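All of these numbers come straight from a predicted model, not from anything done at the bench. So you know, we letter chains A, B, ... as the sequences are listed, proteins then strands, and number each from 1.
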Protein chains: 2
Amino acid sequence: MKRIYLDNNATTIVDPLVRQAMDPFFCERYGNPNSLHQFGTEVHPDLRVAMNRLYAGINAGDADDILLNGCATEGNNTVLKGVWFDHIRNGAKDHIITTSVEHPCVGNTARFLQTLGVKVTFLPVNRDARVEADAVRDAITSRTALVSVMWANNETGIVFPVKEIAEVCRQKGVLFHTDAVQAIGKVKVDVQEVPVDFLTFSAHKFHGPKGAGGLFIRKGLRLPPLLHGGEQMAGKRAGTLNVASVVGMGLAMELAVRNLPFEDAEVRRLRDRLEDALAKIPDTMVIGRRELRVPNTTFLSVRGVEGEALLWDLNKNGIAASTGSACASESLEASPIISAIGAGPELSHTGIRLSLSRFTTQDEVDTAVDVFAQAVGRLRAISSTY
Amino acid sequence: MKRIYLDNNATTIVDPLVRQAMDPFFCERYGNPNSLHQFGTEVHPDLRVAMNRLYAGINAGDADDILLNGCATEGNNTVLKGVWFDHIRNGAKDHIITTSVEHPCVGNTARFLQTLGVKVTFLPVNRDARVEADAVRDAITSRTALVSVMWANNETGIVFPVKEIAEVCRQKGVLFHTDAVQAIGKVKVDVQEVPVDFLTFSAHKFHGPKGAGGLFIRKGLRLPPLLHGGEQMAGKRAGTLNVASVVGMGLAMELAVRNLPFEDAEVRRLRDRLEDALAKIPDTMVIGRRELRVPNTTFLSVRGVEGEALLWDLNKNGIAASTGSACASESLEASPIISAIGAGPELSHTGIRLSLSRFTTQDEVDTAVDVFAQAVGRLRAISSTY
C-alpha cells in the first residue's frame, strides 16, 4: 500500500537537497565552530551562508538578531519567559495577551506564567476562526507587556492579521511576538512589512531538520538568555552550534522562500482540489474561508464521525492526517476552533486536518479523496450520531 | 598536509556507524513521533532502543528520568535554574556550591543566579587540580540547595571525586548535580554507584551528533521544565523530538560504553605516548597526575610560549589543539587551573590541551609530537620570556 503523507503541519520530509547539504558536517567537517583551529574556522563560511539565508528569508536587517536555537518551543519559551523576567517580574506591567488557539508551547508557557501572577488574556477566535486586531486593541491595558499571536494557525491554516496587530502594538507601546512556525514557506513572512518585535520559526516545518529553530529579535530589543553559558550568539543563546542543522535550516529557508510561488499556485491548486472533492461528501464543513488560509491546509468537520476515528481509518489505509497539533495529540479535548466558529457541540470532536507540501502529488490527492470518502462511509455506517 | 584532530574535548567526529543509523530519519522515516499515524508511530521502536541505550549507558533505573534535550548547556541550565525556581526563589535556601573550573554553562548560569540574590561558592581546585569532597563538605551550610561539580574537567581531564561528593551531599540532604559531558565514553559513568541526583551529557562529545543531549533526573525528584509546551517527555521538556539525533545519540552512547576498555587501554596508551614525548621537551609541565585523569586528555604548560601562539602554530601545521574550553575560546583569560596548582603567573597563559579519541592513530600522535616540538622551538626562539 502506498503511503500518503498529508500531515505537513506536524512535520515535513527533509528536502533531499537539504539532507545532502548537511552531509559533510557529520564525519568530515565536524569541528566545533568555536574552536580557533581550522576544524573550527572552516565551517564559518557555511554558517555565514546559512545565516544570510535566514536573514534574507524573513527580510531581517543586519542589526536585527536571529538567534539559532533548538526549536520553536525554545524560541517561544525564550520570548515569554524573557519578557516576564525583564518586564513583569519587578516591573509595573503584569499582563500578557495571547490567543486560545496558540501552539501549546505558547499557551502552556503563558499558563505557567499565570502561576507566577501574570494576568493572561486568551483571546478567542471569531466565526472566521480569526483573531482580529480590534480584539487585541481592546484587550491592551497600561499593564500589558506583551502580545503573542501566531502568524498562521496550525489547525485551520487561517492567517492572522499580524500586520494590523503589530501596528496596534507599536502604537500602544506593547511588545509583539509572533509564532511564525506555520507561516514560513506558506506565505510571505517579511519583518520589515510586518513590524513584529520577536518572531519564531522551526526548520522541520519547512523541509529542514528537526532540532533547529530561530528566534528573530528586532534591533534594539533584548531578551535575557534562556540558556546561559558560552559565548555563542554573543552570549544571547549558549550551546555548541549544531552546524549540520544550521546549514540545513539555512538552505531549507532559501528553498521555502524560492518555492513560495509554487506553494501559492500548485500546492494551493492541489489543496483546493482535495478540499472541493471532500466538501462534496454530504454533511462535511470546511473550517475557515479559503482566502484567509495558507495554501496547504484544510480542516474539515465531518458530521457524525469523530476526528480520531477517521484518523485511525485513514491511517489503516495509508493516509497520514491529524486532528490538530501533534504536540497535543494525546489530549482528546474538543477543538476550541470548531466551537468558536459557531458549530454545535455535536461537531466539536469531528475535526480532521489535511496539510500538503510541495512534495504532495495530484495522484496522492486523488487517492486520498477516495480513501477519505470510503472511511467516512464506513464510520457513518456505525455512527450513533449520524 | 594531513590534518590531525586532537581536540576531542571540544567536539568529536560523528562515528560513521552513528551517521548511518541517523540516515533514514531525514527523508524516509521523517514523521513526528507525537503524530498518531504510522509515520509518527513507526519511529517509536527506534526511540525506545535509543532510550534503552542511554539508560543502560549510565545504568539509570526504570523509574529514573532521562530527558532528551538539545545540549548539555540546556541540561545544565535546566538544573541550576530549576533548583533556583523550586528551592531558592521562595524558599529558605539561597546557596549553591560549584567550582571555579566548571564549563561556562554551569559557571555563567551560577553567576546569573547571583544577580537574583543567590549566594554562590566557587570552590577552587587544589594543587592536584581537583576539588575534594572535604572542601564541598566544609562549604555546605543549612542554606545550601545544590552542589554542582563536574565529573571530569574539560581542560585537564582530571576526574573529580564525584562519588564522595555525592555521598557528602546525600548525608547533608543537599541536591547534587554533575556535568558528565567530559566523562561519558572516557570513564565508567554509573548513577547507581555514584548517587547523583542530576547528571547531564552531550552527544557530540562522544561521537554523536551536535544538538542532542540528555538530563538524568533521579527517581522521585523533579525539576520545573525549562521548555514548556507540548506533551513530549511527559511535559518535562517540550519540543518535537529530534528523532535522527536521538537515534544517533543512543547508538553513540552504546558505542562509547562498549569502547571503554579500548579507551582505557589503547587511547590511554597513545595519550601516554604523546605526553611522554612532549614532556621530554625542556621546561614543559604536564598538569595533573596521570592516574587522576581520563585516558584521552593531556594539558601542558610550555614555559615561555603562550598557549594561543602555540595553538596557531600547530594549526598552521595541521594539528588541532586547544587552550581550554571551546565555548570560552574568545576570552583570553588566564587559566584558573594553572594558577591553582601553584605555578607562577608567568605560566598562566602557557596552557595547551591535546585530547584524543578512539579515532586517533599512533601515526597521528607521532606526527603531532614532531610538529609540537618544532613549534615550541620556533616560538621560544622569538619569546621575550624564555
Side-chain angles (χ1 to χ4, degrees), chain A residues 3 5 7 10-14 16 19 26-27 30-32 34-40 69-71 73-74 76-77 103-105 108-109 112 202 204 209-212 226-232 238-245 311-312 314-315 320-322 325-331, chain B residues 3 5 7 10-14 16 19 26-27 30-32 34-40 69-71 73-74 76-77 103-105 108-109 112 202 204 209-212 226-232 238-245 311-312 314-315 320-322 325-331:
Chain A
R3 301 199 305 174
Y5 188 73
D7 197 12
T11 194
T12 58
I13 187 172
V14 174
R19 172 72 199 68
F26 295 104
C27 302
Y30 53 82
N32 184 329
N34 266 54
S35 292
L36 299 174
H37 48 68
Q38 203 187 100
F39 285 84
N69 57 30
C71 54
T73 291
E74 184 187 330
N76 288 335
N77 272 262
H103 187 276
C105 66
N108 286 341
T109 304
F112 166 70
S202 177
H204 79 96
K210 294 176 178 64
L226 192 67
L227 303 189
H228 285 83
E231 299 149 351
Q232 296 90 355
T240 297
L241 275 184
N242 182 348
V243 182
S245 292
L311 189 154
W312 283 114
L314 291 174
N315 181 50
S322 169
S325 167
C327 296
S329 60
E330 287 165 36
S331 62
Chain B
R3 302 199 304 174
Y5 188 73
D7 196 13
T11 194
T12 58
I13 188 172
V14 173
R19 171 72 199 68
F26 295 104
C27 302
Y30 52 83
N32 184 327
N34 265 55
S35 292
L36 299 175
H37 49 68
Q38 202 186 101
F39 286 84
N69 57 29
C71 53
T73 292
E74 185 186 331
N76 289 335
N77 272 261
H103 187 274
C105 66
N108 286 342
T109 304
F112 166 70
S202 178
H204 79 97
K210 295 177 178 64
L226 192 66
L227 303 189
H228 285 83
E231 299 149 349
Q232 295 91 356
T240 297
L241 276 184
N242 183 348
V243 181
S245 292
L311 188 153
W312 283 114
L314 292 173
N315 181 49
S322 169
S325 168
C327 296
S329 59
E330 287 165 37
S331 62

Proximal component of B:Leu241, with respect to chain A [non-hydrogen, under 4.5 Å]: backbone
Residue among A:Thr12, A:Leu314, A:Val243 with most heavy-atom pairs under 4.5 Å to chain B: A:Thr12
Gap separating the CG atom of B:Asn76 from the CG atom of B:Asn108, nearest 0.5 angstrom: 11.5 Å
Contacting moiety of B:Ser202, where chain A heavy atoms sit under 4.5 Å: neither
Region of B:Ser245 that comes under 4.5 Å of a non-hydrogen atom in chain A: neither
Closest-packed option against chain A by number of heavy-atom pairs under 4.5 Å, given B:Cys27, B:Cys71, B:Pro209, B:Gly70: B:Cys27
CG on B:Leu226 to CD on A:Glu74, rounded to 0.5 Å: 8.0 Å
Ring geometry between B:Tyr5 and A:His37 (parallel below 30°, tilted from 30 to 60°, perpendicular above 60°): perpendicular
Contact check, side chains of A:Asn34 and A:Glu231, non-hydrogen atoms, under 4.5 Å: yes
Which atoms of B:Ala321 approach chain A - backbone, side chain, both or neither, heavy atom under 4.5 Å: backbone
Per-residue contact mode, A:Ile13 against chain B (heavy atom under 4.5 angstrom): both
Gap separating the NE2 atom of A:His204 from the OG1 atom of A:Thr11, nearest 0.5 angstrom: 4.5 Å
Most contacts with chain B, counted as non-hydrogen pairs under 4.5 angstrom, among A:Pro16, A:Ala244, A:Gly31: A:Gly31
Rounded distance (nearest 0.5 Å) linking atom CZ of B:Phe112 with atom NE2 of A:His228: 4.5 Å
Nearest-0.5 Å distance, CG of residue B:Asn77 to CG of residue B:Asn69: 10.5 Å
A:Ala238 portion near chain B, given a 4.5 angstrom heavy-atom threshold: both
Heavy-atom contact with chain A under 4.5 Å, split by part of B:Ala320: both
